[in-house]
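The sequence lines fix the lettering, A, B, ..., with proteins before strands; numbering per chain opens at 1. Computed from heavy atoms alone, side chains included, the values below leave out hydrogens, waters and symmetry copies. Everything quoted here is computed from the prediction, not taken from an experiment.
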Amino acid sequence: MADLIIENLTMRFAGVVALDDVSFSVANGEIFSLIGPNGSGKTTLFNCINGFNKPQGGKIYFNGNNLLERRPHNIIDSGISRTFQNVQNIPFMTVLDNILLGSHSRIDTKATLQRWLSQDQREIEEAMVLDIMDFLGIANYEQKYMVGQPFGIQKLAEIARALVSKPKLILLDEPAAGMNDQETREIANIIREIKEDLGITVLLVEHDMNLVMSISDRICVLDSGEIIALGEPEEIKNHPKVIEIYLGETADA
Amino acid sequence: MKGRYEDENLYWIPVLIIFVFLLPFILKGLSFSYKYYLFVLNMAGIYIILNVGLDLLSGFTGLVSLGHAGFLAVGAYTSAILVDQFGVPFALSLIISPLIAGLFGFVIGFPALRITGMYLGLTTMGFGFIVKRMIIAFREWTHGSGGLDVSSPMLFGYTIKSDWNNYFLIYTFVIIAVIVGRRIAKSKIGRAFMAIRDSEQAAEAAGINLSKYKMLAFFISGIFAGFAGVLFAHTSSFISTDHFDILLSIYFIIMVLVGGASSIYGAVLGTLFIVLLDNLFVPLLKDQIHFWFNTQAGDIQSLIFGLIMFLFIIFQPMGLYGMWLKMRIYWKLFPFNPRQRFT
Amino acid sequence: MTDLFSGLTQEIISGIALGSIYALIALGFTMIFKATEVVNFAQGELMMVGAYVNFFFVTTFLSAAGTPTAWTFLVALGGSMIFSVLFGYILDFIINRPLKDQPIFSIIMATLSLAIIIRAVVAIIAGPISLMPFSPFGDSTVTFGNIVVSLLDLSIIGSAIGLVIIFYYIFHYTRWGIAMQATSEDPIAAQLMGIPIKRVYALVWIFSAIVATISGILLAPRIALLDTTMGFLGLKAFPAAVLGGFGSIPGAIVGGVILGVIETVSMGTLSFHFQWIKEINDIIPWIVLIAVLMIKPNGLFGVEKVKKV
Amino acid sequence: MKRVMGTLIIIGLLAVGCVKRAPAPGVTDTEILIGNVQDLSGPMKELGAVIPSGSNMYFKYINDQGGVHGRSIKMLIEDHQYNPQKAVAATKKLVEKDQVFCLYQIIGTSPCEAIRPILSETGTPLIAPATNSGTMSDLSRQAGDLIFHTDTGYDRQAEILVGYILNQNSDAKIGLVYQDDDYGENVLEGIARAESEHEITVQKESYQRGAIDFKGQTMNLLKGGCTDVIIAGIVREPVTVMKTAEAMNYKPNFFGTGPTVDARVGKLAGSAGEGFTATYWAHMWNSDAPGAKLYRELCEKYDIPEPYIGLYHYYGFATAQLLVEGLERAGRNPTRKSLVRGLETLKNWDVGSFPPITYGRNDHAGVDKVQLVQMQNGEQVVITDWLE
């Protein structure tokens, strides 16, 4: 059962082809990874799903909804949330509020207004996020300002923000970038738990091959906007073209 | 789960409110010139109401406005005309006039959908000039640039006159404005505002409609400014286009920034700091300097004001609230470092 | 003389002269903004200081030499230039350096309070009485057909064009200019590439002070009375800088000239033929500005900074 | 018995005296405090320095002679930067904190309008506000009974000018260049009255405070064929307009209201300013009027610096004379009420600086006539008698 269907997606920036006739589908409940060298179009693909970029050709369906018809802020309503390659947190807001930001579309404005004079609304809102903060192990940080927090916390907070909207599909853009080995392992566990405990489909962009190979159900390799390989980790590992592209990088990892 | 989140030491808010209402009595006991201090406080109070709204717009949402004196003028003139020429009760005007100022905010919000940064600052500055021009153009109602006499506020059959009574009227609304401002800031609306300021993409990904919330920010800000305008018009009992100068708009932005943008308490502190500095502290200091050096030079007053501002910014660029936060964080952490998951 | 066409031409030329004044001030804004992203609210005050300094130079040399000659004005000009170099350097030292890593708004506020300080200091030093500045050109005019232009206006237009060419050249073709461009694009990368950004910033402030001084010298005789409120003209030139697109040197000139022409024509021919324009003629520049920004949110020559996700 | 009665009466009088002695604010045995709010750092800062200096010169002269009823006069000056809100704050400070006896000479129309509520609340009189606006002498306005205006209103000046122009040349086409603020507003009122009285239309051109270019307005006056132009500006505006007109070879008769009577207008405009005629509501400072003579004497005596001496400085001096006269008439134990009553007893008061001033319960207008001062060969010459 295919959940996210991408058909013949083509995106050009001023003549440069970022995505060239890309088609694949992501099944419900799997961890699907996109890999490829820098500039191969991974983030552009995310931006197309997310509505930031309007592709020139192709279609994106999620659970039968045509995502290209939606404005960026409506994407989250169809059950897709995302994180960013460069962490996009709000520095002078507490970690708790940063995460609450993700619950924006779940909070009823009317109820907020009605309960303005009491603390109740605040408590309802907090209840939404505290589970997830516990789940990610960052509950201690709720009252801390985001600015000055360690990078790892900021990354986790961003994932928490994406999770709090109760998505069906989460787009993770390089969650392990800039992490050390131990942190990367923790991230891997968290992604696995997102899939297994929360039942959320994961679409992952990542450069860390060990991480990708260890947790992905399927992997798609992009190069210069084209899909050059798609399959299970074992297949990809042995794919001649992939080895060609990744020779240097896999040796490092 | 209950009680894990506390709205920053709620217990001292009632204490503060009681202090605010006791202050006039304390001042009266301390000094025979309490009326002067009350007047300056009243002015600060009106500006606080406006600056809470300006902070939500410029501090939280990052939409710089250099035309807030225009909103103040809209509120003031609307109310003056409604009450004195159309016989609308003051209490009703307190609702209608801010809404009209809010509508003006809505209109000026349209350009803000596309224009950002200092470009937006200039657009709003232009709005300030356009409002002034409109006031002069509608001569039959506004008396042009000659200024307009305004009646004193009438509430529940009582006419509120004198600095003493105005103080209680204004500060009741100041407290309401600060509470409402903080509620907005701490709600999903406030979070959306800050997200728009710091990362439009993160905001959109989180489901925030940028256009809607930018317009909302202008609308809310207009309402606060209009409210301040109503109180301004009726408590100062004379308004003219000279009151709503472009320099006033710049002063408002300074007040918000000195307080430390994106904090409602910061806006309050900043307003009090600048208004008291400019209208109380510096004139008194100037008297001393004139006395010591036996001069009459008038520019000394602006020199002192400029110097204090300048040194303050050099040594405390994060503003008053930033200073307070730094202190607080320091004492909270003292003497331990926070337990961290990642090193 | 009185026919519509020559009247309009006359107004447009006058508008270009007025616009050149705005453009010169806007040029100062633009240079600082281009390199440091700071909006210098004290730009008008820099101009005012330049005008005052030049006046004192002229009067000093006048009292020595008797009547003003071309040499008097040239020596005074040189003196003012040296002063403005020093002044720009000092400003960079007291504003830019202490606030280097602070939010942009702190620096903008520092310039605002600096404007207040400069006004007060000049007023205390120079006394409250307005000065009557001299013009090297007197009241002489030049006539082309039936169009009359004062020599002073011509010199303002000329300097505006000259300065733009000079600074355009400096910014695009010299080593320091390219260093400035690089610094404005990405200060950290520029620093890593070995560009001494501290010196670049100082240079930008010095350039800005020089432009301000030149505009002050030219403007002072045109406004008849020189007092410290001259600094407020900076606020009028602000929209010119924005209309052209902050950070664009040709933009500053185009923006200034457009606003200057709009101002004179709307006050003149337009309001003569359409009475209702009189009610709004002083806000027409603002309406034009807002309309242009609605279509081009970064001004006529501005470039949008793309933020990468 | 008589002696006892006499003693009792004396004791009684003393007691009453003691009660009465409860001093009015700002009045001590040796000093009277006067409050003044000026523009010290705004657009009118020059006047803000010069006018009070003229007043202080006269106060010094009076104080050197022993003061008013043995009390010396001390003037406190605050800054309002031509901002009405600041003016209110500064006035509050003077009245509530410094406890001045009365207010004097506050400059600017909107600042003066804005402080009316303070006047009426505290009963503080305002003597000689330094604005020509006709609204100042309107007794029906709030605190109107506490304001003693000296100057001929701008509206009256404009009206008189129109009458004078039409008297000289009944076919004159009149143009007006006015500052688009409260000053211009008041001039327009007078022009409107003159228009309906003489059945003419005046071509009106406006400019913004702080404008530096007047090409458009001048062109329009030329196109409209105006033979006589009234400039309701300050100093820079008439100079620029006249210079612009000269460059275009357009030579109407130029007239000015209010502050344009400044001698520097002629000096700066040079040949263009020749024949410029301005209205003035007092005697010229360099005339032979006794007030002007005293003024020049005092300037010499107190070493007033050269750039200060002139119309505005003299104006400060002249209004100071009025204030001192009022304080004299307020009696040995002045109260704010007795000051008002004292001033209201002025009947054709003339010390040769202003034309005779009469105040009364229903008249706080002061001077209501003007003389015309014309630029001739670089000198200001009075060309008419007092016009009404």
Basic-acidic side-chain contact under 4.0 Å: D:Asp39, D:Lys45: no
Does any heavy atom of chain D fall under 4.5 Å from the side chain of C:Ile21, the backbone, both, or neither of them? side chain
Measuring heavy-atom distances to chain D, does C:Leu233 have an atom under 4.5 Å in its side chain, in its backbone, in both, or in neither? side chain
Checking D:Lys267 against chain C: side chain, backbone, both or neither under 4.5 Å from a heavy atom? side chain
So which residue, C:Thr143, C:Thr141, C:Leu18, C:Leu270, ends up with the most heavy-atom pairs under 4.5 Å with chain D? C:Leu18
Could you walk me through whether D:Lys251 and D:Glu246 pass the salt bridge (charged side-chain N to carboxylate O under 4.0 Å, His left out) check? CA-CA 7 Å; D:Lys251 288 190 173 111; D:Glu246 194 192 37; 5.7 Å; no
Assign the ring pair D:Tyr58 / D:Phe317 to parallel, tilted or perpendicular, where the plane angle (0 to 90°) is split at 30° and 60°. perpendicular
Quick check for you: among C:Ser130, C:Ser266, C:Ala123, which has the greatest number of heavy-atom pairs under 4.5 Å with chain D? C:Ser130
Between D:Thr257 and D:Tyr178, do the side chains contain a donor N or O and an acceptor N or O under 3.5 Å apart? no
So does D:Arg264 pair up with D:Glu46, basic N to acidic O under 4.0 Å? yes
Work out which heavy atom in D:Asp79 is nearest to a heavy atom in D:Ala90; give both atom names and the distance. O-CB, 3.9 Å
Honestly, the part of D:Gln203 sitting under 4.5 Å from a heavy atom of chain C is side chain
When the 4.5 angstrom heavy-atom criterion is applied to C:Ser150 and chain D, the contacting part is neither
